[in-house]
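Everything below concerns the one structure shown next.
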Amino acid sequence: ANKERQSPLDSAGLFSKLLFSWATPLVKLGRQRALQIEDIYENPKDMPTEKVLADFDEAWRLETAKRGEGASLVRIFYRMYMREMWTAWSFILFYAFISLLSPAYFMQELIRYSSGSYALGYGLWLAFGIMLSDTMRSFTAHQYWFRVGRTSVKYRSLLYGLVYRKAMGLRDLGGYSVGELVNLSTNDGQRLVEAVQNVVYVVIAPLMFLFVLLIVYFSLGAPALAGCGAFLLMLPLQIVFAKYVGFFRVRAIKQTDRRVRMMQELLTSVKLIKMYAWEEPFSQQINAVRKMEEDVLRSAAYLQSTVSSVIPSIPMLAGVTTFLVMFAVREDFSASAAFSVLSVYNIMRFMVSLGPTGVKASTEALVGLRRLYKLLSLPDRGADFPIPENTSHALSLNTVSAAWTAPTTRAENGTGKAKTAGGETGQAQQRKGAPDANNRPSHSLPPNPKRPSLTHGRASISYQNSLPTITNIPNPAQVLVEEELENSLSFEVDVDALLTQAAAPITPPTLKDITLTIDKGQLVGVCGGVGSGKSSLLSLILGHMDLQSGSVAVLPSIAYVAQQAWIFSDTVRNNILFGEPYNEALYQRVLDMCSLRTDLSILPAGDQTEIGERGVNLSGGQRQRVSMARAVYRQADVYLLDDPLSAVDAHVGRHIFEQCIRDGLRGKTVVFVTHQLQYLPQCDRILFFKDGGIVEDGNYANLMQAQAGFSTLIGSMKIHDEQTNAAATTDQSAPAPAPA
């Protein structure tokens, strides 16, 4: 990092942090000229998302080690920055104490001083005390907001990082749309920030109320305590308000998620909607959802307005009540005491108004954490496959059977349960919080250990040391019930539904009993009919399928090129680099190998041309070549190519195969799935798939001599090519029709 842009907060001393003098150079520069992005400091060392996620992993490890399956997400969030939060809270507590000290003592004594005969020095002391108390109020308030602001930003970054990391670790999004994940990160992240900043007022408000009671009692006597009853009347009102705020928040979140999901579907299918003129029906549906969301938000706004209008009247009501009671009992009081009490009531009004804010922010943050809990409870894709034991192998599959399972469904009942139709074989350890292959703790949250025993006819389910013991339930129902109980976060498990689900047929394997070893540096061609399992083989290697039996070992560095090119909105160069550092020589070589130079010369800004959403301003062949260039630039150990030449012209495909796949990736392990059978003779090895299994394996010459399915496929291709060429020759030699 540039030393000039490193945050001075990292090396600032105690007084520099207390007086914010570490920011003086930036303030001086901003006074001289308008600040540029290059002038802004980098984040302090403890604030990058990577560091925050590491702190969460450590807190997660300590929490699970201490409490096991009873780990709490709220407790983990508190444990992470407990010291920072208590430091900030100590400043705001001192602020509250000084706020009461000034009117309770200095102002009261100053009024007495003005109406009596006191020494000049005493008056100077009172004036200095008021100035000092106001200075300390300003000092402690700024320290609190600075420190709690830094902590809240860390929590927001943590929420972003957790949602992103979890989404990247899932086999599917578990029923979540991208818009809902963004909503979870932004809206709930903001609620978490507000909770961190305001939760302390839930404690400060009652404490200040006790101090006010003492001040009023010693200033005006016991009868004046009746005025404090006005503040007590706010307590049940605040509880009711907090309850309804949480209720409206849950309803608003559901409506917002529904609206975001509908808008995403509409934008994704806008061409189809325009073609069929469905604008009006979709507009009516979206307006209906918006109307429901608007009604919920309006109700919440009315509630908030009621609170905001009632609270300012509390000090006036308390003061009137106090003086009425004092007059009723004919109690004498001085003007200094009266002004002091009124000043205390005004300060108390500020804190009482912040009390509901803290309750509201805490309630909404808990709702957001429950939503985060649901997401983190979804089962991970599974641990990364190990590296082959034989150092000469790049890929090893041993009697593997794998299947596509139904997408994970998220729970809607707040329990955080997540189920899949085919189970999650081999992933139970990760769901319990065990570390993955990279020694990073999994964040699929552990189940609740407090579950009752269940009976169902002859079947019985009991618990010993939080582990389910199931008797009289035949397989596969026993496996399914065990998994459901392991994942359940509530006290209720529908055994009837589980047995019904278990009675359903198990998902048949897509890939069956595959044993395969590929050496480093081999170019392996994969062919077969439609639906024979070619693309599924690549998905298995990527970890996207459910491994039912067998074992898989593969080198960790993998580059994948899908059948449908994936392009994101950025420049052509950034689509190729994909976060990798720019290497001029490698970049130019990749452009040549993927035949992109001619295309870049046509584009208005060359490789700096902005690509639209999903590559809308590129042709299908151009998108495929950009995707291929991205994989080649990655310099991975293993390349998985899923028919990358199907979208390009014949001569371009020949160039890419010869210059890129065969020569450019020489020394790399390449698994090349293709329907372009003319390239197979140049492959080191060929796998012929049929019905989810490898039926033939060898080089081109051996497979042709075997006179089996592969040779038949090649023969069919040659016959088709001959017929096509003959038809083209006939069309060219046919005489032109005579002119009329």
Is a salt bridge present between [X] and [Y], judged by a nitrogen-to-oxygen distance below 4.0 Å?
{"X": "R298", "Y": "D295", "answer": "yes"}
{"X": "E84", "Y": "K154", "answer": "yes"}
{"X": "R150", "Y": "D46", "answer": "yes"}
{"X": "D57", "Y": "R61", "answer": "no"}

Using 0.5 Å steps for rounding, measure from the [atom1] atom of [X] to the [atom2] atom of [Y].
{"X": "M80", "Y": "R75", "atom1": "CE", "atom2": "CZ", "value": "15.5 Å"}
{"X": "L184", "Y": "D257", "atom1": "CG", "atom2": "CG", "value": "8.0 Å"}
{"X": "L372", "Y": "D188", "atom1": "CG", "atom2": "CG", "value": "8.0 Å"}
{"X": "T151", "Y": "M47", "atom1": "OG1", "atom2": "CE", "value": "8.0 Å"}
{"X": "F247", "Y": "L303", "atom1": "CZ", "atom2": "CG", "value": "11.5 Å"}
{"X": "N574", "Y": "S569", "atom1": "CG", "atom2": "OG", "value": "12.0 Å"}

With a sphere of 6.0 Å drawn around [atom1] of [X], does it hold more than 12 non-hydrogen atoms of other residues, nucleotides or ligands?
{"X": "F146", "atom1": "CZ", "result": "yes"}
{"X": "Y160", "atom1": "OH", "result": "yes"}
{"X": "R31", "atom1": "CZ", "result": "no"}

So if I apply the side chain to side chain contact (heavy atoms under 4.5 Å, CB included) rule between [X] and each of [options], which one comes out positive?
{"X": "V148", "options": "V153, T87, V196, N198", "answer": "V196"}
{"X": "H142", "options": "Y95, F91, F20", "answer": "F20"}
{"X": "V289", "options": "E294, M263, M262", "answer": "M262"}

For this session: Applying side chain to side chain contact (heavy atoms under 4.5 Å, CB included), run through Q264 and R261 and close with a yes or a no.
Result: CA-CA 5 Å; Q264 184 180 8; R261 187 163 55 246; 5.6 Å; no
Exercise. Given R251 and E293, is the side chain to side chain contact (heavy atoms under 4.5 Å, CB included) satisfied, shown in steps?
Worked result: CA-CA 8 Å; R251 290 187 60 188; E293 182 182 8; over 6 Å; no
Residue pair [X] / [Y]: nearest heavy atoms and the distance that separates them:
{"X": "A88", "Y": "R147", "value": "CB-CB, 3.9 Å"}
{"X": "L159", "Y": "S185", "value": "CD2-O, 3.9 Å"}
{"X": "A59", "Y": "I76", "value": "CB-CG2, 3.9 Å"}
{"X": "G161", "Y": "T49", "value": "CA-CG2, 4.1 Å"}
{"X": "A96", "Y": "I204", "value": "CB-CG2, 4.2 Å"}

For this session: Begin with the C-alpha distance, continue with both residues' side-chain angles, and end with the deciding distance and a verdict on side chain to side chain donor-acceptor pair (under 3.5 Å) for R290 and Q255.
Result: CA-CA 8 Å; R290 283 177 173 168; Q255 295 300 332; over 6 Å; no
Exercise. Between S72 and E63, is any side-chain donor less than 3.5 angstrom from a side-chain acceptor?
Worked result: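 S72 vs E63: no donor-acceptor pair found between side chains.
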Exercise. Do Q197 and S152 pass the side chain to side chain contact (heavy atoms under 4.5 Å, CB included) test, and can you show the C-alpha distance, the side-chain angles, and the key distance before you say yes or no?
Worked result: CA-CA 7 Å; Q197 294 175 349; S152 60; 3.5 Å; yes
Problem set entry | Ring centroid separation Y155 to Y81 under 6.0 Å |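 Yes.
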For this session: Over 60° means perpendicular and under 30° means parallel, so classify the ring planes of F578 and F568, tilted if in between.
Result: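 Geometry flag for F578 against F568: tilted rings.
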For this session: May I ask you to decide if the ring planes of W89 and Y78 are parallel, tilted or perpendicular, using 30° and 60° as cut-offs?
Result: parallel
Exercise. Has the side chain of Q143 got a donor or acceptor atom that lies under 3.5 Å from a matching backbone atom of K17?
Worked result: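 Checked: pair present.
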Quick one, [X] and [Y] - any side-chain contact, counting heavy atoms below 4.5 Å?
{"X": "L18", "Y": "F139", "value": "yes"}
{"X": "D39", "Y": "R33", "value": "yes"}
{"X": "R258", "Y": "M292", "value": "yes"}

For this session: Could you go through the side chain to side chain contact (heavy atoms under 4.5 Å, CB included) check for I130 and L126 one step at a time?
Result: CA-CA 6 Å; I130 293 176; L126 293 177; 5.5 Å; no
